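None of the values given here were measured: they were computed from a predicted structure. Whatever order the structure lists ligands and atoms in, that order sets their numbers, starting from 1. Position 1 is the first residue of the sequence, and the numbers go up from there.
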Amino acid sequence: MISIKSKTEIEYMKKSGEVVAIALEKLKEMIKPGITTLELDKIAEEIIRKSGAIPSFKGYEGLPGAERFPGSICTSINNEIVHGIPGLRMLKDGDIISIDIGACLNGYHADAARTFPVGNITEKAKRLIEVTRQSFYEGIKCAVKGNRIIDISGAIQDYVESNGFSVIREYVGHGIGKQMHESPQIPNYRTRERGPRLEPGMTLAVEPMVNEGDYHVKLLDNKWTVVTRDGSLSAHYENTIAVTEGEPIILTKLN
Ligand code: MG
């Protein structure tokens, strides 16, 4: 069951989206060699709470046997794809770090992610980050009324693969609203399911996760952090969008 949001609900989601965007902007400034991921987590949590919102990821229930997610944000470095846990690891020159932030304000969630360079990074890492970002935009060109989810998925997959990278299979984008994860799922590759038809009022977290090497993943013993099986770099780019009568609107941005 896919929830269709009213104009008022989408306005609420813009507000939570703005909180996420502000936190990402601040972290972008703070990311440099020597800072720990726990420090970044504290900065983001403070911004989210000061704006009256709640960090959506904190305490999120994971797989059986995993602790509840301890951070307010996910911090995934280099070969870590998603769900990295903030801690005492210090960023080094040449790292790339993916930051995923969710915030809930007035009962509505918004979710966005970016991969940032730490100091000076290789040309290949820069290209990975840029291709991942652009694949999101290629995907949402297809997020229009009457298309299906597979149109978004296919556009992302084609763009990423034509640039020599791969999209991961096990983790996908999702509907979002009163719940952090709602229907439908939004794979970043073509599956056998075409997925539902897009309708105005659907709010979706579209989030390509792109590997430099092949798409296989491995879950670390903490049962959260997902890494590339071949040890290659991975990047992430995500925004919460609303499908409209015309072009989709990005909700996780500064207004
Ligand atoms: Mg998400």
Looking at the Mg ion (ligand 1), is one of the N, O or S atoms of His174 less than 2.8 Å from it? yes
So, are Glu39 and Lys42 salt-bridged, with charged N and O less than 4.0 Å apart? no
Tell me, which N, O or S atom in Glu207 is closest to the Mg ion (ligand 1)? OE2
Is there a donor-acceptor pair closer than 3.5 Å between any side-chain N or O of Glu80 and the backbone N or O of Ile77? yes
Quick check: does Glu238 put an N/O/S atom under 2.8 Å from the Mg ion (ligand 1)? yes
Does the side chain of Thr115 reach to within under 4.5 Å of the side chain of Thr132, using non-hydrogen atoms? no
How about Lys32: does its NZ atom have over 12 heavy atoms from other parts shown lying under 6.0 Å from it? yes
Hey, which N, O or S atom on Asp111 ends up closest to the Mg ion (ligand 1)? OD2
